[in-house]
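Computed from a predicted structure; not experimentally measured.
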Amino acid sequence: MTCSTSSSTAWATTRWEKLSACWNQLTPRDAQSLRRIATIYRRFAPLLVSLDWRPYERTLQAGIFASRFPDEGRTLWTLVNRHEYVIGGEQLAVPHVEGTRYFDLWSGTALQPRVIDGQAILETTLEGRGFGALLALRQGVEEAGLEAFLAQMAAHAATPLASLSAQWKALPQTLLPIAPTAPQATAPEGMVTIPAGEFLFVVQGIEIEGQVWEGVDVQFPWEPTARRHHRHRMQVATFHIDRHPVTNAQFKAFVDATGYAPRDALNFLRDWRDGAPQPGWENKPVTWVSLEDARAYAAWAGKRLPYGWEWQYAAQGTDGRLYPWGDAWRDDAAPPVFRGRALPPPADVGMHPAGASPFGVQDLVGHVWQWTDEFHDEHTRAAIVRGGSDYEPRTSHWYFPQTRRLDQHGKLLLMAPAKDRSGRIGFRCVVDAA
């Protein structure tokens with residue numbers, strides 16, 4: 001046990017969740033270990049900041065590591081067993097002062113050590129890869145509430161750590177179903193019909209860490225667990241998709257018609273002024289909209305957001321190309337990359353027809369990210385965003401990775417609409433075909 005155990009664990013869990021895009025929950029054994037350690041740390045917090053703290057206190061058995069935290073009339077020892085097996089018996093030999101009382105905090109019992117040549121021989125049993133904590137109180141020193149605390153720890157100790165599972169398992173994920181729209185026989189204005197066909201859906205999540213561990217990225221309905229790499233042959237029904245991302249002008253028509261105002265309005269349409277897009281921005285993709293905002297617009301328009309495989313089929317066709325126009329990047333097929341500090345507005349839609357897909361869908365990659373699927377487990381919500389954007393911040397590789405290739409997607413942790421909105425995330429809609 002070290003003083004930083006709880007805080008470092010919390011930090012590492014948060015970091016894992018953001019960079020590897022999976023919830024790194026504690027195993028039952030680790031959770032119970034941390035619960036007991038935290039209980040001791042909170043109860044004896046003043047001792048743990050002792051200026052006379054001594055790491056690597058001498059122990060009597062190999063593989064047992066101890067730290068000593070002394071204070072006036074009180075001393076706390078924390079112990080760790082680095083072995084895979086139980087180590088019992090004599091653990092510490094400490095200078096003894098007559099009248100000192102000793103306690104095994106981890107098991108919640110009083111100790112009656114033997115005293116040999118002026119040293120108290122402290123005995124306890126540590127489970128394999130287990131922990132211990134011992135307390136010494138000089139004569140006349142009282143520890144308020146100690147009996148109740150020992151009873152609490154004894155109740156914990158009644159369940160050996162070895163009886164709890166140490167196996168880490170990824171939480172199962174669920175893809176949020178998207179309600180179908182009223183079917184349309186022909187493509188509504190501004191939309192393109194995508195014909196039915198067999199589609200080999202091959203995509204991988206671009207997370208910064210996590211390698212190929214189970215739980216990284218998402219779990220599609222046909223997969224037993226979440227994983228980074230996905231491959232599935234499917235039949236895609238005919239549907240209609242917006243030729244371009246939804247524009248500021250289109251979104252303003254929705255707001256004017258409905259009076260839409262999200263409950264969490266922070267950062268909503270952040271780059272608009274006085275309830276309208278800035279002059280000349282009407283034909284630019286609407287951004288600073290959350291997944292919920294995009295769904296509200298789609299419902300008003302009689303449309304819906306696309307599933308990830310629908311977005312990719314409309315962008316890729318059936319030949320597995322890496323970009324909507326082919327297998328090699330073309331500078332004239334998407335807006336130029338921006339790497340500055342002050343984010344400019346996105347380019348107008350329809351300005352890069354060379355970037356059209358085999359079906360004629362435009363502005364798919366390197367323009368603005370586009371909302372698609374939502375996944376959730378018992379702890380976390382996340383959305384899949386497709387297409388990447390024209391913005392590449394500098395100075396660090398920890399920024400959200402780009403996914404301009406059609407066989408890549410990004411997984412964005414959803415925290416709150418205010419935090420999910422971005423100046424480079426927009427959306428386009430689909431309508432089911434009759």
Side-chain angles (χ1 to χ4, degrees), residues 17-18 21 23 173-182 191 205 217-221 239 241-242 244-273 275-277 281 284-311 343 345-346 349 363 367-389 400 403 409-432:
E17 192 169 353
K18 291 180 179 178
W23 168 236
Q173 296 183 17
T174 300
L175 171 64
L176 187 70
I178 302 175
T181 69
M191 304 191 83
D217 203 53
V218 297
Q219 177 185 352
F220 284 103
F239 62 96
I241 189 168
D242 288 336
H244 307 289
V246 173
T247 65
N248 282 308
Q250 291 170 317
F251 201 84
K252 185 176 189 306
F254 156 63
V255 173
D256 290 345
T258 64
Y260 177 76
R263 185 170 63 177
D264 180 356
L266 185 63
N267 290 326
F268 177 57
L269 301 175
R270 179 175 168 176
D271 53 10
W272 285 24
R273 298 293 180 266
W281 288 27
K284 298 182 183 298
V286 66
T287 58
W288 295 108
V289 287
S290 68
L291 184 59
E292 293 80 4
D293 302 329
R295 287 173 178 158
Y297 170 91
W300 168 78
K303 303 178 180 183
R304 61 174 174 84
L305 296 184
Y307 284 108
W309 56 84
E310 292 176 322
W311 188 98
L343 188 67
V349 302
D363 303 308
H367 198 169
V368 294
W369 296 90
Q370 295 162 42
W371 293 114
T372 60
D373 299 317
E374 178 185 341
F375 289 84
H376 63 88
D377 57 38
E378 65 183 49
H379 174 270
T380 301
R381 293 174 61 230
I384 295 300
V385 287
R386 300 302 306 258
S389 78
F400 196 73
T403 60
H409 68 208
K411 181 182 178 184
L412 181 66
L413 178 68
L414 296 175
M415 294 180 283
K419 292 183 177 294
D420 304 337
R421 297 182 180 110
S422 165
R424 279 301 185 270
I425 300 181
F427 68 100
R428 69 176 75 222
C429 300
V430 304
V431 170
D432 294 296

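With sequence neighbours excluded, the residues forming a side chain to side chain donor-acceptor pair (under 3.5 Å) with Trp311 are Gln370, listed by chain and number. Among residues two or more places apart in sequence or in another chain, the ring-ring contact (aromatic ring centres under 6.0 Å, His included) test is passed with Phe268 by Tyr260. For His367, there are no ring-ring contact (aromatic ring centres under 6.0 Å, His included) partners, not counting sequence neighbours. For Ala382, the side-chain contact (heavy atoms from CB on, under 4.5 Å) test picks out Lys411, with sequence neighbours left out. Not counting sequence neighbours, the partners of Leu412 by the side-chain contact (heavy atoms from CB on, under 4.5 Å) test are Trp371, Phe400, Ile425. Trp272 is linked by a side chain to side chain donor-acceptor pair (under 3.5 Å) to Asn248, counting only residues two or more places apart in sequence or in another chain. For Arg270, there are no salt bridge (charged side-chain N to carboxylate O under 4.0 Å, His left out) partners two or more places apart in sequence or in a different chain. Applying the side-chain contact (heavy atoms from CB on, under 4.5 Å) criterion to Ala249, with sequence neighbours excluded, gives Thr247, Glu282. Residues forming a salt bridge (charged side-chain N to carboxylate O under 4.0 Å, His left out) with Asp293 (at least two apart in sequence, or on another chain): Arg421.
The structure places CD1 of Ile384 at 11.0 Å from CH2 of Trp309, a figure rounded to the nearest 0.5 Å. Note that the CH2 atom of Trp281 and the NZ atom of Lys252 stand 15.5 Å from one another [nearest 0.5 Å]. If you take CG on Asp420 and CG on Asn267, they are separated by 10.0 Å, rounding to the nearest 0.5 Å. Taken from CD in Gln219 to OG1 in Thr174, the straight-line distance is 7.0 Å, to the nearest 0.5 Å. For the atom pair Ser290 OG and Lys419 NZ, the distance stands at 14.0 Å (nearest 0.5 Å). The structure places CG of Leu413 at 5.5 Å from CE of Met415, a figure rounded to the nearest 0.5 Å.
No side-chain heavy atom of Asp373 sits under 4.5 Å from any side-chain heavy atom of Leu176. For the pair Pro285/Pro346, a side-chain contact is recorded, criterion being any heavy-atom separation below 4.5 Å from C-beta on. When side chains are defined from C-beta on, Val286 does not count as touching Gln250, because their heavy atoms never get closer than 4.5 Å. Looking at Leu291 and Leu305, their side chains come closer than 4.5 Å, going by heavy atoms from C-beta outward.
The two residues Val246 and Cys429 have their closest heavy-atom pair at CG2-SG, 4.3 Å. Closest approach of Ala416 to Asp264, counting heavy atoms only: CB-OD2, 3.9 Å. Residues Ile241 and Phe239 come closest through the heavy atom pair CB-CE1, 4.0 Å. Considering all non-hydrogen atoms of both residues, Asp217 and Gln173 come closest at O-NE2, 3.1 Å.
Without hydrogens or angle criteria, Asp363 side chain to Val349 main chain gives no donor-acceptor distance under 3.5 Å.
Counting only residues at least two apart or on different chains, the side chain to side chain donor-acceptor pair (under 3.5 Å) pairs with a member in residues 297-308 are Asp242-Lys303, Arg304-Glu310, Arg304-Asp432.
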For side-chain contact (heavy atoms from CB on, under 4.5 Å), just list the numbers for His409 and Thr372, CA-CA rounded to whole Å, side-chain angles, deciding distance to a tenth of an Å, and then say yes or no. CA-CA 10 Å; His409 68 208; Thr372 60; over 6 Å; no
